[in-house]
There are 2 protein chains.
Amino acid sequence: MTTTEDHAPSARAVTIQDVARLAGVSTATVSRALALPDRVTEATREAVLSAIRETGYTPNAAARSLRAKSTRMVLVLLPGIGNSFFTPVLNALEEVFSDQGYGVLVGYTRQSRRRETHYARVIRAGQVDGVLVVTGNVPRDEEFVAVPDQVPISLMFAGIPGGDRFSVFDVDNRAAAATMVGHMIAAGHRRIAHITGPEGSIETNERFGGYCDALTAAGLAVEESLVWRGAGNFDFVSGDRAAARYFALDDRPTAVFAAADEIALGFIRSLKTGGVSVPRDVSVGGFDDTEYAVHYDPALTTMRQPRTEMGRLAAEDLLLRMSGKGGVKPPTHVRLPCELVLRESIRRL
Amino acid sequence: MTTTEDHAPSARAVTIQDVARLAGVSTATVSRALALPDRVTEATREAVLSAIRETGYTPNAAARSLRAKSTRMVLVLLPGIGNSFFTPVLNALEEVFSDQGYGVLVGYTRQSRRRETHYARVIRAGQVDGVLVVTGNVPRDEEFVAVPDQVPISLMFAGIPGGDRFSVFDVDNRAAAATMVGHMIAAGHRRIAHITGPEGSIETNERFGGYCDALTAAGLAVEESLVWRGAGNFDFVSGDRAAARYFALDDRPTAVFAAADEIALGFIRSLKTGGVSVPRDVSVGGFDDTEYAVHYDPALTTMRQPRTEMGRLAAEDLLLRMSGKGGVKPPTHVRLPCELVLRESIRRL
DNA sequence: ATGAAAGCGCTAACAT
DNA sequence: ATGTTAGCGCTTTCAT
């Protein structure tokens with residue numbers, strides 16, 4: 001192999017200077033021809049454009065950012081537990097933002113303070129014009145305290161109670177959970193267990209609250225032995241662990257509400273391995289309606305969260321708040337409806 | 001709500017000037033105290049650090065990039081068909097890069113020329129120091145032609161034949177596919193079908209090649225009626241469509257090799273709906289070993305691609321190539337081994 | 001309509 | 001060891 005790389009150092013990148021020289025105008029005119037085409041004569045615009053084509057000029061992003069005090073980039077903060085819930089969200093975000101010429105920087109916080117500090121610094125360094133937090137928790141880091149004053153921030157899927165500094169895009173987790181459990185009750189179930197999400201997350205608390213609400217409304221007691229807590233994250237493993245608790249029980253529930261689809265899927269799979277069949281022996285409901293829910297056997301009955309729509313709306317709101325056009329847009333709270341998707345994993349008793 | 005947002009315009013961000021003034025030194029010294037701590041006395045370093053703490057100073061990224069001609073950002077180009085294959089890859093990439101102080105910009109090309117052009121421009125604008133293409137195809141856009149000379153580029157999961165301008169991180173798709181089909185043959189299967197990936201992708205061709213190799217090596221003919229092409233992407237829908245072809249056949253295969261796990265899962269699911277059981281009536285093998293393969297019923301026998309490891313290695317290589325330390329590191333080709341993961345979806349005949 | 005020139009915040013020669 | 005200064009590439013007044 002004879003190739004020797006010759007990046008950066010090699011051919012000096014073409015600058016606005018080169019274009020100006022070639023077109024026989026000043027750099028200011030080149031800049032104008034690009035940004036405000038109707039403020040230059042057609043002749044000069046043509047000359048500039050042709051010089052640009054000839055040189056292959058692309059404006060330097062750093063110089064532009066430095067001058068314009070805007071990077072046209074947003075930071076999307078994800079938990080990074082690598083579950084597939086976020087795939088369509090990120091997809092929708094990237095679509096809207098890139099269409100508007102914004103870049104999407106992704107950051108995985110992984111529940112690590114160090115990483116949160118890292119990304120707080122990214123924001124404070126002026127590297128992004130806005131932030132989308134898709135983690136369920138606003139980073140606790142003190143460095144984050146000052147951050148909302150610097151750039152607009154939005155929270156997705158779980159809002160901070162009382163925070164009017166952020167736009168919030170979420171669902172009514174509590175009501176949605178109550179609907180699911182209410183559906184189980186309507187199907188004749190009386191002993192209903194709940195596999196919670198990770199300890200301390202807002203969604204976990206809300207969905208547990210909804211579970212209690214539905215039980216209470218039906219005159220049913222919340223039994224501690226049927227609330228399977230601290231199983232882990234919103235993932236398969238949590239479902240596996242919950243299955244162990246199911247098997248350990250003498251008086252088993254006839255239905256189980258899992259706080260997320262992946263938990264439900266892991267649970268069902270472990271039950272099968274133990275010879276228990278869903279929904280024949282026990283009914284299972286999930287939450288989210290991720291891609292795999294419908295393809296599973298049994299197809300999972302679950303609460304659909306409108307992830308793509310949420311992503312789109314959140315992106316559009318942030319775009320508006322970043323642009324500052326038409327006065328500064330105040331943060332909003334948008335609550336989208338969930339939908340109970342009936343499939344095969346819950347049966348009538 | 002009384003909150004009115006006051007971003008950017010409000011409090012002017014603190015600059016190196018402010019720190020210098022407060023510490024009673026020059027800006028150069030502040031810069032040094034940060035970048036080369038041992039080139040200043042301990043006393044001044046202390047003074048600077050304390051001034052930084054007091055002011056909450058964070059160096060401006062755009063200014064630094066402009067001056068240093070390095071953005072400490074990489075672009076990760078994904079196909080964006082939103083399948084879960086890429087989740088662990090992106091996870092690994094973000095982990096390595098952010099640990100080294102690099103930001104990860106994600107771009108979904110979505111097989112759209114417009115988007116490829118868009119991201120070519122991002123590169124040419126000097127917005128990133130390196131690029132990772134995780135799409136299986138190098139963007140065809142002519143704007144991309146000049147790009148490899150500007151920043152190092154790496155290809156993941158599928159290399160371009162004959163391209164020594166890129167680092168390539170892949171697996172031997174052909175051999176891996178042959179191993180899978182060889183396993184089916186060893187299990188007694190003689191009529192083996194293949195569901196291909198999307199038309200024109202390198203992986204699709206390679207895996208089909210391996211399928212043929214294995215058949216040929218066993219003295220079996222490749223029957224056109226058993227090669228199910230153009231089903232779509234590496235997704236469930238392709239599996240659904242393939243199921244229709246299975247049902248339409250008089251002389252059905254006893255085993256089916258799907259070019260990806262999601263295809264296999266969609267296929268199995270559709271078979272079930274049609275009353276055909278896996279592996280009782282037909283065996284199915286997948287490719288990738290995504291998270292869902294093991295949790296499915298039946299658990300999917302598949303070829304594991306080392307996605308996380310691949311991400312880590314590719315990131316480390318790119319880091320080295322970007323740094324330019326120790327001479328410019330030439331592009332490499334790293335080929336990682338796949339692993340046949342035996343589970344429940346293929347049975348001995 | 002166009003040009004000249006200042007300056008965004010930082011780093012790195014060069015000078016002391 | 002520290003300060004002075006030029007300048008990265010661009011946009012945007014302010015003149016003309």
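Just so you know, these numbers come straight off a predicted model, no measurement behind them. Below, all heavy atoms of this structure are taken into account, side chains as well, without hydrogens, waters or symmetry copies. Proteins come first, then strands; the chains are lettered A, B, ... in the order of their sequence lines, and each starts at number 1.
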Novice: Can you check whether A:V96's main-chain N or O pairs, donor with acceptor, with A:R312's side chain at less than 3.5 Å?
Specialist: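 Checking the backbone N and O of A:V96 against the side chain of A:R312, no donor-acceptor pair under 3.5 Å is found.
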Novice: Return no unless some side-chain N or O of B:S26 is found under 4.0 Å from OP1 or OP2 of D:dG3.
Specialist: yes
Novice: Check whether the side chains of B:H333 and B:D170 place a donor and an acceptor atom closer than 3.5 Å, and report yes or no.
Specialist: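 There is such a pair between these side chains.
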Novice: In whole Å, what is the span from the CG atom of A:N60 to the C1' atom of D:dG7?
Specialist: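 Rounded to whole Å, this separation is 14 Å.
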Novice: Let me know the distance between NZ of B:K69 and C1' of D:dC10, rounded to the nearest Å.
Specialist: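 Distance check: B:K69 NZ to D:dC10 C1' gives 12 Å.
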Novice: Can the positive tip of B:R115 be found less than 6.0 Å from the middle of the six-membered ring of B:Y108, inside 45° of the ring normal?
Specialist: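 The answer is no; the distance or angle limit is not met.
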Novice: Using heavy atoms to find the nearest nucleotide of DNA chain D for B:D38 and A:L66 separately, return the residue whose nucleotide is more 5′.
Specialist: B:D38
Novice: What's the CD-C1' distance between A:E46 and C:dT2, to the nearest Å?
Specialist: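 It is 17 Å, rounded to the nearest whole Å.
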Novice: Between the protein and nucleotides 11-14 of chain C, list the N/O to N/O atom pairs that are separated by less than 3.5 angstrom.
Specialist:
from   : atom 1 : to    : atom 2 : distance (Å)
C:dT11 : OP1    : B:R64 : NE     : 3.0
C:dT11 : OP1    : B:R64 : NH2    : 3.2
C:dT11 : OP2    : B:S31 : OG     : 2.8
C:dT11 : O2     : B:R67 : NH1    : 2.4
C:dA12 : O4'    : B:R67 : NH2    : 3.3
C:dA13 : N6     : B:R32 : NH2    : 3.4

Novice: In plain terms, say whether A:R110 and B:E94 are close enough for a salt bridge, that is, a side-chain N and a carboxylate O under 4.0 Å apart.
Specialist: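 So A:R110 pairs with B:E94 through a salt bridge.
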Novice: I'd like to know if the side chain of A:T44 reaches the main chain of A:T29, judged simply by a donor and an acceptor atom lying under 3.5 Å from each other, with no hydrogens or angles considered.
Specialist: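 Flag not set: sc A:T44 to bb A:T29 has no pair under 3.5 Å.
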Novice: Could you state the atom-to-atom distance from CD of A:Q17 to P of D:dT11 in whole Å?
Specialist: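 Between P of D:dT11 and CD of A:Q17: 12 Å.
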Novice: To the nearest Å, how far apart are A:E42 CD and C:dT2 P?
Specialist: 12 Å
Novice: So what does B:T44 touch, heavy atoms closer than 4.0 Å: a base, only the sugar-phosphate, or nothing?
Specialist: sugar-phosphate
Novice: Tell me the interatomic distance from B:R21, atom CZ, to C:dC10, atom P, rounded to whole angstroms.
Specialist: 12 Å
Novice: Answer whether the closest heavy-atom distance between the side chains of A:L318 and A:L320 falls below 4.5 Å.
Specialist: no
